Amino acid sequence: MITVRDLHKEYLVSEKGKGLGGTLKSLFRNEKKIIGAVNGLDFHVNKGEIVGFIGPNGSGKSTTIKMMTGILTPTSGEVLIDGRNIARYRKETVRKIGVVFGQRTQLNWDLRLEETFELLRRIYQIEKKDYLDILEVMDSILGIGELLDKPVRQMSLGQRVKGDLTAAMLHSPKVLFLDEPTIGLDAGSKYALRKFIKEINTIRGTTVILTTHDLGDIQELCERLIIINNGVMMDDGNLSEIVERIAPYRTLTVEYYDSIVPTHPKAEILSAADNVVRYKFMKRELTAARLISDLSSLHPIRDVGIEEAGIDDIIRIAYAKTVQS
Amino acid sequence: MKKVHFCLAHHLRVTMYTIKMALLTIIEYPSNILGWLISNPIQFLLGFATIKFAVEQFGEINGWDYGQLAFLYGISVISHALSMIFFVQGWFMGYYVIDGAFDRFLTRPMSVLYQFFFTNINIFGFTDLIPGILVFLYGCVQTDFAFTVSNVLGIIVMLTGAVLIRGGIYILLGSTSFWTKSANDFGQFTQEIFDKTTMYPLSMYPEAMQLILTFLIPIGWVSFYPASELLGMKTLCSSGGMGVWITLAAGIATMLAAGLVFQTGLKKYESAGN
């Protein structure tokens, strides 16, 4: 569905000197510097996948998304959507994609929501019947029906995002790009958005590319993660596989009856306070059941809790890895 | 042929709907339009009254009498108004470049330039158009201008050319923002130049100035030369009755060049932030 091949994007940045003197100097002798925002990305996304595109601020993920959606022209390399180079055949290719920027709306601020939809219906040349059908689907998923008559400026952020999602779905795109869609949303709106993504993915087979800093989004939605930093791919795989590789450990929290700290040869003690001790152990070396039974043979145990390595650990480790390299 | 027609109908439908949206917006904020409705016509009618005063004092300006001046002034205001209606967005192109406002146009399956201009039609421009037409018609009556087929065609061809020249220059200047990465706001400045040089006879300027405005910066061809020919006035430079076609040709050439420069610039577009 989407193929990205050896994608590069460079920006020419002119270096301005400091202060008035420097600024004046740069008027005459402009020092230009090339900065690589994306430095050779290659990947392929299959039809029907939900891919989480993650990376810290300034990692090049926004630049990549903008090249994938036809907004920026790559310095070199190519993005194929359904086999077509989007930079070369923009008009016909963008018809196959829908784009929602969480921080920007495409809805007309002053008018009723439906006015924007009617404009998009004309831009994308959607038949009235198809338009009504898709609105019905979107109403069943997001409850958009009751918002159609509401002026956009009177909407809450959550309602506005629902409007933007519907606007992006009107022409039944094969791929939906969501750039930080959950930013600033409350829990209820986040839930609605995640439900929407799952449903259009199952019902309509829409491929979804999602950038987010929200760990909940990643955990709930993404079967596959692409982690980028400094404009290069850091990791690409499904979530559990990446967890297995980067953080193949679990944490066991044990509450004892007394304030004691029993040790185990294959477990590392993370913390010990009052009666509670936290052990970190490798999944490959030890099962949780084994560890619990070993510990309980040393001291009576009141309660236990097991945690997988969190997605935030994964991301932290993945990002940290890039700083060293 | 059928495809061209279909494509045209598609663009027309989209533009008509955006005009409807603009009207709806006015209904939402009615006080905004009031100022425009009052100040714009007054501005041009006052300009015209100034000419009337000058002519009454001096009899005529360089052989142009009152009716002929009205004719020229009217034509200039009409082409100004039409360019305000269709191309005024061009003044703000730099801000679109800096704010990343082309993003949305780029993700939609229509030409970016088309969306930029024709989904943002400035219906307030009509408040300039009406005084322009009034003054022009007044000039026609005063000069006994004959509404023959060739004369009417001449006016339409000239106006089309003039609007294309103005629009093309707005695009050319606006596109520089793709390279400079700053919002170059040139709107008022170019408008002043256009208005000062097209509303009054070029022949009132010194000859050196006339030569510059004829050949170096050929603004004289926007309306002065063709209008002179339509009125049968003698000028520094004659094209033997081809004036209106020169205007149209210049308009098309400017627009094509502008389109090319814009498309080249768009490849350098960097969007904005996050």
Side-chain angles (χ1 to χ4, degrees), chain A residues 9-14 37 57-58 61-63 65-75 86-87 89-112 115-116 118-125 151 153 167-168 171 173 177 179-180 183 211, chain B residues 3 6-33 96-97 99-116 118-121 178-182 263-274:
Chain A
K9 181 71 184 176
E10 290 167 354
Y11 292 113
L12 202 59
V13 184
S14 53
N57 294 323
K61 69 179 185 320
S62 266
T63 303
I65 292 284
K66 282 174 178 165
M67 286 192 278
M68 292 167 84
T69 50
I71 292 170
L72 298 179
T73 312
T75 307
I86 192 161
Y89 305 100
R90 185 188 66 82
K91 276 190 264 182
E92 53 172 285
T93 313
V94 291
R95 203 173 272 284
K96 296 173 186 158
I97 66 170
V99 189
V100 175
F101 297 108
Q103 315 202 54
R104 280 190 176 187
T105 180
Q106 68 162 321
L107 309 174
N108 187 308
W109 200 249
D110 299 315
L111 300 177
R112 295 162 55 243
E115 299 296 342
T116 302
E118 282 288 343
L119 173 64
L120 289 170
R121 183 168 88 74
R122 283 163 179 81
I123 287 177
Y124 288 97
Q125 309 185 73
R153 64 170 185 279
H171 58 288
F177 290 91
D179 194 9
E180 298 187 26
I183 207 158
T211 78
Chain B
K3 203 177 163 196
F6 180 71
C7 182
L8 205 66
H10 174 209
H11 286 76
L12 210 61
R13 260 199 309 277
V14 172
T15 294
M16 290 311 286
Y17 201 80
T18 59
I19 291 175
K20 184 190 160 197
M21 290 170 83
L23 290 170
L24 286 171
T25 310
I26 290 175
I27 297 169
E28 288 280 318
Y29 304 100
S31 58
N32 277 358
I33 195 176
Y96 277 70
V97 173
D99 297 344
F102 280 122
D103 288 16
R104 190 41 74 184
F105 296 150
L106 281 159
T107 61
R108 288 176 179 167
M110 295 182 92
S111 141
V112 174
L113 263 189
Y114 161 78
Q115 293 182 75
F116 178 60
F118 297 106
T119 64
N120 283 304
I121 284 196
F178 286 120
W179 283 272
T180 62
K181 320 283 181 210
S182 61
Q263 291 301 338
T264 313
L266 197 58
K267 292 216 188 319
K268 293 190 158 290
Y269 174 63
E270 288 182 0
S271 184
N274 95 311

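Here is the naming used below: chain letters follow the sequence lines, and residue numbers restart at 1 for every chain. Please read these numbers as outputs of a predicted model, since none were measured by experiment.
Between A/K66 and B/S271, the side chains place a donor N or O and an acceptor N or O closer than 3.5 Å (distance only, hydrogens not considered).
If you look at B/H11 and B/Y114, their ring centroids are closer than 6.0 Å.
Between chain B and the options A/V94, A/I86, A/T73, heavy-atom pairs under 4.5 Å are most frequent for A/V94. Of the listed residues (B/K20, B/M110, B/K267), the one with the most heavy-atom contacts under 4.5 Å to chain A is B/M110. Chosen from A/R95, A/E115, A/R121, A/E92, the residue pairing most often with chain B at heavy-atom distances under 4.5 Å is A/E115.
Neither the backbone nor the side chain of A/I97 comes within less than 4.5 Å of any heavy atom in chain B. In this structure, no portion of B/A9 lies under 4.5 Å from any heavy atom of chain A. The parts of B/S111 that come within reach of chain A are both its backbone and its side chain, each placing non-hydrogen atoms under 4.5 angstrom from that chain. Of the atoms belonging to A/N57, not a single heavy atom falls under 4.5 Å from chain B. Using a 4.5 Å cut-off between heavy atoms, A/R104 touches chain B through its side chain atoms alone. Residue contact with chain A, scored on non-hydrogen atoms closer than 4.5 Å, is absent for B/F102.
Nearest heavy atoms, A/I123 versus B/H10: O-NE2, 2.9 Å. Minimum interatomic distance between A/Y11 and A/A37 (heavy atoms only, all atoms of both residues): CE1-CB, 3.6 Å. Minimum interatomic distance between B/D103 and A/I71 (heavy atoms only, all atoms of both residues): OD1-CG2, 3.4 Å.
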### Query
side chain to side chain donor-acceptor pair (under 3.5 Å) between B/R104 and B/Q115: does it pass, once the steps are laid out?
CA-CA 10 Å; B/R104 190 41 74 184; B/Q115 293 182 75; over 6 Å; no
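Listed for the A/R122 side chain is a donor-acceptor partner under 3.5 Å among the backbone atoms of A/E118.
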